[in-house]
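Some notes on the structure that comes next.
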Amino acid sequence: MASNGGNNNGEFSFNANLGVVGRKGLAKIQTHKSKNGICHDDSGPAVKAQTIDELHSLQKKKSAPTTPIKDAGQGGAAFAAAVAVAQAADDVKQRQQLQSISASLASLTRETGPKVVRGDPARKASETPKAHVGHHDYFTPELSISDSALKFTHVLYNLSQAELYEQAIKYEYGSFITSSGALATLSGAKTGRSPRDKRVVRDETTEDELWWGKGSPNIEMDEHTFLVNRERAVDYLNSLDKVFVNDQFLNWDPEHRIKVRIVSARAYHSLFMHNMCIRPTPEELEDFGTPDFTIYNAGMFPCNRYTHYMTSSTSIDLNLSRREMVILGTQYAGEMKKGLFSVMHYLMPKRQILSLHSGCNMGKDGDVALFFGLSGTGKTTLSTDHNRLLIGDDEHCWSENGVSNIEGGCYAKCIDLSRVKEPDIWNAIKFGTVLENVVFDEHTREVDYTDKSVTENTRAAYPIEYIPNAKIPCVGPHPKNVILLACDAFGVLPPVSKLNLAQTMYHFISGYTALVAGTEDGIKEPQATFSACFGAAFIMLHPTKYAAMLAEKMQKQGATGWLVNTGWSGGSYGVGNRIKLPYTRKIIDAIHSGCLLNATYTTTEVFGLEIPTAIEGVPSEILDPANTWSDKAAHKETLLKLAGLFKKNFEVFANYKIGKDNKLTEGILAAGPNF
Ligand SMILES: Nc1ncnc2c1ncn2[C@@H]1O[C@H](COP(=O)(O)OP(=O)(O)OP(=O)(O)O)[C@@H](O)[C@H]1O
Ligand SMILES: O=C([O-])CC(=O)C(=O)O
Ligand SMILES: [Ca+2]
Ligand SMILES: [Mn+2]
């Protein structure tokens, strides 16, 4: 620098002699003239465009037509005619699609739905491929009697992951691409579900069918209030520049597939559901028709606190007869996933199919295992097993045909995620995956999975095929093993126990887990949670209905029940430690292989659980918790305390009949702790 521009003082200056800046202004730059005297910037071939806009329009080609062109003969005229027919059919279908979306978005008090247009309102006219400007690109209802009906609603319909990334990054505050290619998003003020804001319309039908009252997750609301909230959500969505619409499926069993439509305000929500529901093929989408169920997700837009029943600014409202759900005042995407799960908990039992809050995988020989458990107990972690085929991680159906996954994706907890311990989940966090509420380095975009700054409930939502050994289609034969997972922070339940049918039912109905409450200081006592059927927040009928179905199916198929404690060992939280994941995996391996079925067992006091004396790869002394506590008196005291909590919880079920005869009921009541 100093040699060609510096002066003696080390300051920077221009030297006029160098010809860069002259006193009379800029010096002329000499260019080499070519033979004909015309100057060229480059020597490559020219682009086939006259303008910048035209150049950009060349970048994207129209997606392949989804209607297969049949009878396309060799002759040019015949081919052209076939193309025209196919295009006309395409036009009709696309117009029907838009009409259906307009109907979904219709206000119930106005005559017609909004005018809907396909595509991003920000899309430049010049970017619109010519072929797209057919009459199917928009849908205008006949009547326009209000200002809101005059406005167009832009619909971003079943966008791809890449398109949704662009939408999120351009328009949604808090969206970033992480170093592994996942989309990091923030779910806003809510980083978990709001069960106390979930309401169900109580009408003549649901009055008798559903479980109401103490212990039930179904908080009632009336039809009118539902319609008020529905109108609020629909008006909000129609007031936006654009809405996202996903048309997808639930349930891999083709006989019992449900068509769902999700209307949402955020690309994050659309991408989440794209990953979590079953993705239709282009052909299936063309013939989608009218959805069986529709979600209106208004996200951050709150409910009106002056509306009857509203006790916060969040409301998640389910109307089974209208087959609709409205979400107001929460952006937590899990509400959509679990809202649809509630719907399945209503629809499937009506068809004699059992809906299950469980993970599911299958061995190479076709042996299927279910993993029940409350949030954080290990359904996703343990069903994702490199040696087995993953059928699904969270929601399944058990029918006469066997098992089927309800979803098309997985939703893994990410807190303290380790590449070594959970390699398949780690590798699934790549392009297309939604990463909720994680913290990352501002420069490298490297995620720090140990960071709980936003929440402890950090999550990754990815399509199931991101797990290399996913079983696609996600169906399997009848289960051989039914594993009940409990994360016992009291540290008194054995790492594994073999259950008889009555015990399996007892623990299924109890639905126990105990986690350490939150991350607040000073909490030393684990908090026991009992959630019937390991998913009380999602069931719609009385727990005994699901329990009776499970008992019947397990009995018929000869499935074995197991209770696995993925929680504490060697003392309660604070003294002991969480059982090492590799040990739990060894225990699960022994269940799958059949080894554990033929092991030697002893029976524990109080809970009367059968525990094995040895398992390959697991230190034998940890198999009986009584051995691992140094303070024996504290162990006995804690054991009795937990047994008391079980007993108290089960009192409400004592008056219910389970199954066809009373034998099962009596057996189940006797299968609990004895002290
Ligand atoms: N011994 C263990 N067994 C299973 N999981 C363990 C164990 N020790 C630690 N963990 C951790 O516990 C968590 C289990 O979470 P997981 O996502 O599997 O829960 P889940 O049952 O699928 O819950 P949800 O229904 O909320 O999705 C994971 O973060 C896992 O790493
Ligand atoms: O629903 C959620 O947000 C997470 C989940 O899977 C559960 O709680 O069972
Ligand atoms: Ca899970
Ligand atoms: Mn779950």
Side-chain angles (χ1 to χ4, degrees), residues 187 190-195 198 217 272 276 316 330-342 344-345 355-361 370-385 390 392-396 405-407 409-426 428 434 436-437 449-450 452 455-462 467 483-489 491 493 495-496 511 513 515-516 529 531 533-539 564-569 573 576-589 618 622:
S187 69
K190 300 274 170 121
T191 56
R193 283 179 291 102
S194 309
K198 191 176 150 222
F272 179 90
M276 292 308 300
I316 299 118
T330 173
Q331 300 184 75
Y332 184 66
E335 296 289 4
M336 296 181 284
K337 163 192 160 70
K338 281 302 202 285
L340 291 174
F341 191 35
S342 298
M344 294 301 274
H345 268 311
S355 42
L356 317 158
H357 186 209
S358 76
C360 180
N361 67 17
L370 296 177
F371 298 83
F372 284 98
L374 290 174
S375 189
T377 55
K379 294 184 296 300
T380 302
T381 295
L382 299 171
S383 57
T384 309
D385 181 333
L390 178 66
D393 79 321
D394 198 57
E395 307 176 5
H396 291 84
N405 189 352
I406 289 174
E407 304 179 288
C410 301
Y411 194 32
K413 273 184 170 289
C414 296
I415 203 68
D416 296 327
L417 182 67
S418 133
R419 173 184 233 148
V420 176
K421 288 189 198 150
E422 303 188 58
D424 286 343
I425 294 175
W426 179 281
V434 179
E436 290 176 329
N437 301 319
Y449 288 108
T450 65
K452 304 173 182 172
T455 175
E456 202 171 321
N457 187 31
T458 53
R459 293 272 182 168
Y462 45 86
I467 298 297
I483 302 167
L484 310 182
L485 304 171
C487 178
D488 175 29
L493 288 185
V496 60
T513 203
L515 300 172
V516 188
T529 311
S531 178
C533 309
F534 291 104
F538 327 118
I539 61 179
V564 170
N565 173 13
T566 62
W568 269 251
S569 173
Y573 172 80
N577 290 296
R578 195 160 179 189
I579 295 167
K580 289 187 174 63
L581 182 53
Y583 291 159
T584 302
R585 289 207 196 273
K586 286 283 178 203
I587 290 169
I588 301 289
D589 287 347
V618 183
I622 75 163

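As the structure lists them, so they are numbered: ligands from 1, and atoms in each ligand from 1.
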Does Asp393, backbone or side chain, put an N or O under 3.5 Å from an N or O of ligand 1?
-> no

How is the N/O/S atom of Asp394 that comes nearest to the Mn ion (ligand 4) named?
-> OD1

State whether the number of non-hydrogen atoms from other residues, nucleotides or ligands found under 6.0 Å of Lys190 atom NZ is greater than 12.
-> yes

Test of proximity, Lys338 against ligand 1: N or O pairs below 3.5 Å | no

Report, in ascending order of atom number, the atoms of ligand 1 lying under 4.0 Å from any heavy atom of Leu374.
-> 21 (O)

Quick one: which ligand 1 atoms are inside 4.0 Å of a heavy atom on Tyr411?
-> 27 (O)

Salt bridge between Glu395 and Lys337, side-chain N to carboxylate O under 4.0 Å?
-> yes

Strictly under 2.8 Å, is any N, O or S atom of Lys338 next to the Mn ion (ligand 4)?
-> yes

Please confirm whether Gly376 comes under 4.0 Å of ligand 1, counting heavy atoms of the residue only.
-> yes

State the CG-OG1 distance between Leu485 and Thr513, to the nearest 0.5 angstrom.
-> 8.5 Å

Hey, are the side chains of Leu382 and Thr584 touching, using non-hydrogen atoms and a 4.5 Å cut-off?
-> yes

For ligand 1, is Arg459 a contact, meaning one of its heavy atoms is under 4.0 Å away?
-> yes

Note: ligand 1 atoms sitting under 4.0 Å from heavy atoms of Thr377 are 19 (O), 21 (O)

Strictly under 4.0 Å, does any heavy atom of His357 approach an atom of ligand 2?
-> yes

Nearest 0.5 Å please: distance from the CG atom of Leu356 over to the CG atom of Asp394.
-> 11.0 Å

For the residue pair Tyr332 and Tyr411, categorise the inter-ring angle as parallel (less than 30°), tilted (30 to 60°) or perpendicular (more than 60°).
-> tilted

Rounded to the nearest 0.5 angstrom, the OG-CG distance for Ser375 and Leu515 is 7.5 Å

Value rounded to 0.5 Å, distance of CE in Met344 from NE2 in His396 | 11.5 Å

Do any nitrogen or oxygen atoms of Lys379 lie less than 3.5 angstrom from nitrogen or oxygen atoms of ligand 2?
-> no

Hey, does Gly378 come in under 3.5 Å of ligand 1, counting only N/O atoms on both sides?
-> yes

Have a look at ligand 1 and work out which part of Lys421, if any, has a heavy atom under 4.0 Å from it: side chain, backbone, both or neither.
-> neither

Contacts of Phe538 that satisfy ring pair (Phe, Tyr, Trp, His ring centres under 6.0 Å) - sequence neighbours left out = Phe341, His357

For Ile579, the ligand 1 atoms with a heavy-atom partner under 4.0 Å come out as 1 (N), 2 (C), 8 (N)

Mark up the atoms of ligand 1 that fall under 4.0 Å of a heavy atom belonging to Glu422, in ascending order.
-> 30 (C), 31 (O)

Does any non-hydrogen side-chain atom of Trp568 lie less than 4.5 Å from one of Ile579?
-> no

Counting both backbone and side chain atoms, is some N or O of Leu382 under 3.5 Å from an N or O of ligand 1?
-> no

Phe341 near ligand 2, heavy-atom distance under 4.0 Å?
-> no

Hey, does Arg459 sit under 4.0 Å from ligand 2 if you only count heavy atoms?
-> yes

Do any heavy atoms of Leu485 fall under 4.0 Å from ligand 1?
-> no

With sequence neighbours left out, write down each residue that passes ring pair (Phe, Tyr, Trp, His ring centres under 6.0 Å) with Tyr462, or none if nothing qualifies.
-> none

Below 4.5 Å, heavy atoms only, C-beta onward: do Ile425 and Leu417 meet side chain to side chain?
-> yes

Non-hydrogen atoms of Leu374 and Gly535 that approach each other most closely = CD2-N, 4.0 Å

Ligand 1 to Thr381, heavy atom cutoff 4.0 Å, flagged ligand atoms 14 (C), 15 (O), 16 (P), 18 (O), 28 (C), 30 (C)

Check Leu374 against ligand 2 and report side chain, backbone, both or neither, counting heavy atoms closer than 4.0 Å.
-> neither

